[in-house]
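Single-structure report; data block below.
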There are 2 protein chains.
Amino acid sequence: MYAQAYFDYDSKKSGGVTMSHLRFGKKPIKSTYLIKTANFVACHNPSYVRKYNMVQELVDGGTFLLNCAWSPEELEEHLPGQVKKYIADHNIKFYTIDGVKIGIATGMGPTRINTILQSAFFKLANIIPEEQAIDLMKAAAKATYGRKGDDVVQKNWAAIDEGAKQIVEIKVPESWKDAADEGLAFKKATCGTDDQLAFVNGVQAAVNSQTGNDLPVSAFKDYVDGSTPSGTSAFEKRGIAVNIPNWVPENCIQCGRCSYVCPHAVIRTYALTEEEAAKAEAEGSQLLPFTGMAQYKFTIGISAYDCTGCGSCANVCPGKKGAKALEMVNAEANSAAAQKKFDYLVTTSEKEDVVEKFKLNTVKGSQYRKPLLEFSGACAGCGETPYAKLITQMFGDRMYIANATGCSSIWGNSSPSTPYTFNSKGRGPAWDNSLFEDAAEFGYGMLLAQKAIRDGLKTKVEAIAEKEGVAQEAAKEWLDTFACGVENGPATDKLVAALEECGCEAGKEILAQKDFLAKKSQWIFGGDGWAFDIGYGGVDHVLASGRDINVMVFNTEVYSNTGGQSSKATPTGAVAQFAAAGKETKQKDLAGMAMTYGYVYVAQIAMGADFNQAVKAIAEAEAYPGPSLIIAYAPCINHGIKKGMSKAMTEEALAVETGYWYNFRYNPQLAAEGKDAFILDSKAPKGDYQEFLNGEVRYNSLMRANPERAKRLFAKNEAESKAKWEYLNRLIDLYKAKAEE
Amino acid sequence: MYAQAYFDYDSKKSGGVTMSHLRFGKKPIKSTYLIKTANFVACHNPSYVRKYNMVQELVDGGTFLLNCAWSPEELEEHLPGQVKKYIADHNIKFYTIDGVKIGIATGMGPTRINTILQSAFFKLANIIPEEQAIDLMKAAAKATYGRKGDDVVQKNWAAIDEGAKQIVEIKVPESWKDAADEGLAFKKATCGTDDQLAFVNGVQAAVNSQTGNDLPVSAFKDYVDGSTPSGTSAFEKRGIAVNIPNWVPENCIQCGRCSYVCPHAVIRTYALTEEEAAKAEAEGSQLLPFTGMAQYKFTIGISAYDCTGCGSCANVCPGKKGAKALEMVNAEANSAAAQKKFDYLVTTSEKEDVVEKFKLNTVKGSQYRKPLLEFSGACAGCGETPYAKLITQMFGDRMYIANATGCSSIWGNSSPSTPYTFNSKGRGPAWDNSLFEDAAEFGYGMLLAQKAIRDGLKTKVEAIAEKEGVAQEAAKEWLDTFACGVENGPATDKLVAALEECGCEAGKEILAQKDFLAKKSQWIFGGDGWAFDIGYGGVDHVLASGRDINVMVFNTEVYSNTGGQSSKATPTGAVAQFAAAGKETKQKDLAGMAMTYGYVYVAQIAMGADFNQAVKAIAEAEAYPGPSLIIAYAPCINHGIKKGMSKAMTEEALAVETGYWYNFRYNPQLAAEGKDAFILDSKAPKGDYQEFLNGEVRYNSLMRANPERAKRLFAKNEAESKAKWEYLNRLIDLYKAKAEE
């Protein structure tokens, strides 16, 4: 048999849609178009029957397989009228299968249903004899997963057997012929800025309904420069979680960790005024007195339909007396109520006095700023987004981001929606993505362009500061704070107000460029494949420049976006593509290399290991008036963490505890002040290093495939970790303040 | 007036030919072709009248200006017949000028004659009134050289004045109409390998006679893959020196420094057998008893027609009791005799026992191997070529070089000739040049290709080593020395001999690839613009690979080949293109960055400061069975060394003495042996740091242009140097052997 497959999919890491167009035949197939008349359609996600036209491309007498937990009676309720009618009118053979249930029963888990559905497909489509198909699928599973362990193979085999067995044929009632068309679930967005609504209703909705190819060119006329409105991911509400967190106020200590670690900015802490509190209560929110600030009430909001259900929040919740303040509950039953509460809470005002009291560079304080990165398409439990989200909370209102291609550019802007958003003042990050190989240079260009414009404005403001007038004082304050982001923002607000009041010609000229007035926080985001490898030449060049620019590296120790190729950040013994037998050389010391400049702020952080150190390092990096490099340890689905991605933060903690990863900071400012510049934040390693390696499939798989080699490489890895600890301790001396002469 | 200029030139840094095709007129000039019928021809170099057809493109009644020191009577002797006849037949107005004499008299120096000749041109060509031309030229000189100091401007002005004044009109004798054609000076090469002779006579001679454009395509049929024979620069004998060294045996201590530092491999030390000594004496060589090996006589050979006259040899000569063993003498008077001696000496055998006695990793010992880089087109006094030449003496017979674009690729192969050559066994470096931005990757590819072939051969040799036979022992020895270049070479010779003796099929298969049998020494050559900047990503990747590969960086602290742009190797305060006001940031610590790997051998060297350390470091780098990085300080004409390039080695010594540059070595092998890995070869800085900076125009010019800024930047530069000394001393501790536990 010949086969042909086109896979039509977006780039979302979670909640994305893939359409597989498969053809089989006895002659070679050379069709260059997608399938529009299908003999067989399988829908792997029950929610799709209301979102997309799932059955309308089936031929008369074709087969429809729906993955759902619905009984025949429940189908009556859940299937929209147009689907029922089409099935009945066109004599469609209709089957269901409960892939999630089988997934759980076979140990595959609730999300790994592809093997189950594949098996069901081969049974129903009858392309080759069922027995033969099952044998071939089992052989393929062994070949693919053999290295990951016998248990993984056995689970797959069970999934294959059950997938073929547990198909339910649905008797189609005659009444379905009369079912009324209910239309697709899409609701026109009505609440948002004008440009958001225009884009969301005009483009995004069509793309997300899989009808984007039908849009006319004219639909894009407002976006010809490639820019689209911010904050449009909030309109997607993909509702993909199986379980969502539920807040248990009596166990809550208001620490803010849940909000801090949430990869999708779904769970948030709120300080409410009396008035807001009353309204929140009316929407169903529970309230607590706000610890430390009696004028406020405390609550937690959960955007249930944006949640991926990773459970990271519940995992890090310290709770009270062993009882967690977050429990994971069924999404279907609880989402509507949770979302209702959130939808009000998100409209309440940001409390700058809370941020001031608890400080922006603390876990708690930072969480009272709106995340300006929300509801991205990152994987459930992503180790990267919590860092990025935190950075937007701290500096997002005056931030430019140049993003290297990679996972961070995918969750950073997976067309058509963008998760970067703005605060109540309309301020948020300006974000753009460049090529993998020159993102650092791209960000450097942003900085220089901005510098050129701002230097021009400076000359004009200086003229205003020189003569008496309504804007003189404001101009002086703006000039005094020119290079300091934290202070120049408020000073800019004052200057703009004064110039508007003045109404003078000179003022108007400045106001025409007012977006460029405030000191910006320039960032370059990217992964380790970019920073350690392909974009390293540029990273180095930008760091060498001495300019005030911040480089943020999400280090998953592997090329994540493209499926796990080995990078120079991949440690000894880790299995990756192009290093199938485990990498021979150790992780490159990017931090150490950057420190050789002496004028580059450098930090290694791992949020889950030290919540405070992470936010502190980020604050220091941004405040340092020269180049900064932050290398953040980020667990990834490519690691195959055996505990699951809900334990990403725990894994970070374990990595640091065992000395697999070290946290530290090098601050040139300290050296300039005559202080020791290198601070080793990690404690001496303890615990079983090999057990840590064994907890991740990227290592563990080598132990099965080649135990001899694994033993040697893992011992080398551990020895390198020990040597690194010794080395880092010596760096304390290397960067010790010079003794007074 | 409108002007148009095409400059037709090769890429040689010394002894190259430039033809300036200039047109002037009152209407815009849009001619897209070179000038073939000229009103005016100036020949700036008297030797050209015998090498090229200098006057044959002049129109009847045109003007010929010849720069020479010849009196009208001497012209009779020196001008070839065809030139005399053309001048007389075509009524050419003939003038001479002694640019060298004027250059010396005005303080411009003997080589800076362009301003003088330009002035003479404007006087004779009469394009604009002479007075006006002189005023404009003076204004231009002020604008161009103003920053370099008033004295420089004054010298230029004097040159302009004298150039116009000191023209001599030559009365053309009637007798010249009868002068016989003597042909061009080119002599057909008769002595060399077949492929050398074919290339030199078939292509190189035409290109070097400026008639390369007339060659038919068929002339290149043997070179379609881009490769050309090695060792063809030796056929050029450009004879460009004004002065050449002359050996004074009675003052010679046979140290070999002259040979060691010669940028063009022109001066060489020889150990001669009795027989050779007799023949050498017959050719005019003087002899000394060879110190330490009574069976040999010592002499020095000088390839006078390949010498550029830089005087570096005489500069470093220690001599005896204050009397140097080398004196610079007039080239014209002494070249023929010197060349005759050399031409015999270069045919004598290499004395491997001398190398063995004095060791290859010493100044003296290394000089008894033939330089496999000779007579390049590098600048007189070039700081780069002495390093490269030394490396070819040490490993050239088994060496692959991947060369980044830059000066080293220009002197490494300035078409049509190549200075890389081979020894008496026919073995020499395989050299190729890749793009600026990927030379490291290119060299890495060479290594991997070679590894793949050699690993294949290894399997075949293993089969031979397994069973009894004539080649069994040789096969075993080859396998035992597989990874060691020094030992595997002789083992390969034995294996080849044994396999040839054997004549077996398996042996034939191996012999078919015998060029790949011996362990090669893989090198990547490039400058700082490549290694610190544009090619750094690749350099880093190759170093990270852990493979046995050697990276050699010729650090001129500036993009030399393209005329002096700032690189990340440019130190604080140095003036360069794109850093016209002096660079603000300090030199990147490439060595420190490479050391962070822990498995990369790293050295900084400056030959002239420590002759022994340089050769030792190169030997260690090559012997280390992993990646190596050598960063070599290389004075360059771009530095504007006030003492002149003949003092390049002295400048290196001064750089290290004052702490402007530091020599050190980091050897991972030592760490593996439980020893301290970092050796600081430099001594504590002393002497006047600012005086050192002041000795080079790249710094000094800023002091004149902007003294305030210069003072600040130079103080920063000095402070950075002091901090670096402190830092390097701390590196001793950082890389100290771990205390026994």
Side-chain angles (χ1 to χ4, degrees), chain A residues 437-438 440 530-547 566-570 572 583-600 626-627 671 678 716 719-720 722-724 726-739 741, chain B residues 437-438 440 530-547 566-570 572 583-600 626-627 671 678 716 719-720 722-724 726-739 741:
Chain A
E437 64 271 25
D438 65 10
W530 164 72
F532 285 66
D533 278 7
I534 295 175
Y536 173 57
V539 169
D540 174 64
H541 197 73
V542 166
L543 295 179
S545 75
R547 306 264 186 195
S566 162
S567 83
K568 284 202 282 294
T570 305
T572 306
K583 188 154 165 270
E584 277 280 357
T585 50
K586 66 180 180 178
Q587 183 172 74
K588 164 175 167 172
D589 183 10
L590 179 60
M593 294 168 94
M595 281 187 261
T596 63
Y597 280 104
Y599 54 77
V600 178
F678 183 81
K716 181 166 179 277
E720 282 162 2
K722 300 275 172 292
K724 186 75 176 266
E726 168 99 14
Y727 177 81
L728 290 171
N729 275 284
R730 289 182 178 194
L731 285 191
I732 298 172
D733 289 331
L734 183 68
Y735 295 120
K736 204 176 254 323
K738 210 177 157 177
E741 278 165 24
Chain B
E437 65 270 27
D438 66 9
W530 163 73
F532 284 66
D533 278 7
I534 294 177
Y536 173 58
V539 169
D540 174 64
H541 197 74
V542 166
L543 295 179
S545 75
R547 306 264 186 195
S566 162
S567 83
K568 285 202 282 294
T570 304
T572 306
K583 187 153 165 271
E584 276 281 356
T585 50
K586 65 180 180 178
Q587 182 172 75
K588 165 174 167 174
D589 183 10
L590 180 60
M593 296 170 94
M595 282 188 260
T596 64
Y597 280 103
Y599 54 77
V600 178
F678 183 81
K716 181 167 180 276
E720 282 161 1
K722 298 277 173 292
K724 186 73 176 268
E726 169 98 15
Y727 177 82
L728 291 171
N729 275 283
R730 288 182 179 194
L731 286 191
I732 298 171
D733 288 332
L734 183 68
Y735 295 118
K736 203 174 253 326
K738 211 178 157 178
E741 277 166 23

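Side-chain atoms are counted along with the backbone in the values below, which use heavy atoms only and exclude waters and symmetry mates. Per chain, numbering begins at 1; letters A, B, ... match sequence-line order.
Heavy atoms of B/Y735 lying under 4.5 Å from chain A belong to its backbone as well as its side chain. The contact between B/Y536 and chain A is made entirely by side chain atoms (from C-beta outward), counting heavy-atom distances below 4.5 Å. Both the backbone and the side chain of B/D589 come within contact range of chain A, judged by heavy atoms closer than 4.5 Å. Both the backbone and the side chain of B/L731 come within less than 4.5 Å of a heavy atom of chain A.
Interatomic distance, OG1 of A/T596 versus CE of B/M595, reported as 9.5 Å (0.5 Å rounding). To the nearest 0.5 Å, atom NZ of residue B/K588 and atom CE of residue A/M593 are 8.0 Å apart.
Annotation: maximal heavy-atom pairing with chain B below 4.5 Å, among A/I534, A/T585, A/D540, A/V539, occurs at A/D540. Interface summary for chain A: among B/A544, B/A723, B/A594, the most heavy-atom pairs under 4.5 angstrom belong to B/A544.
Looking at B/K568, its side chain never comes within 3.5 Å of a backbone N or O of A/S545 through a donor-acceptor pair.
The minimum heavy-atom distance linking B/K738 with A/E726 is given by the pair CE-OE1, 3.3 Å.
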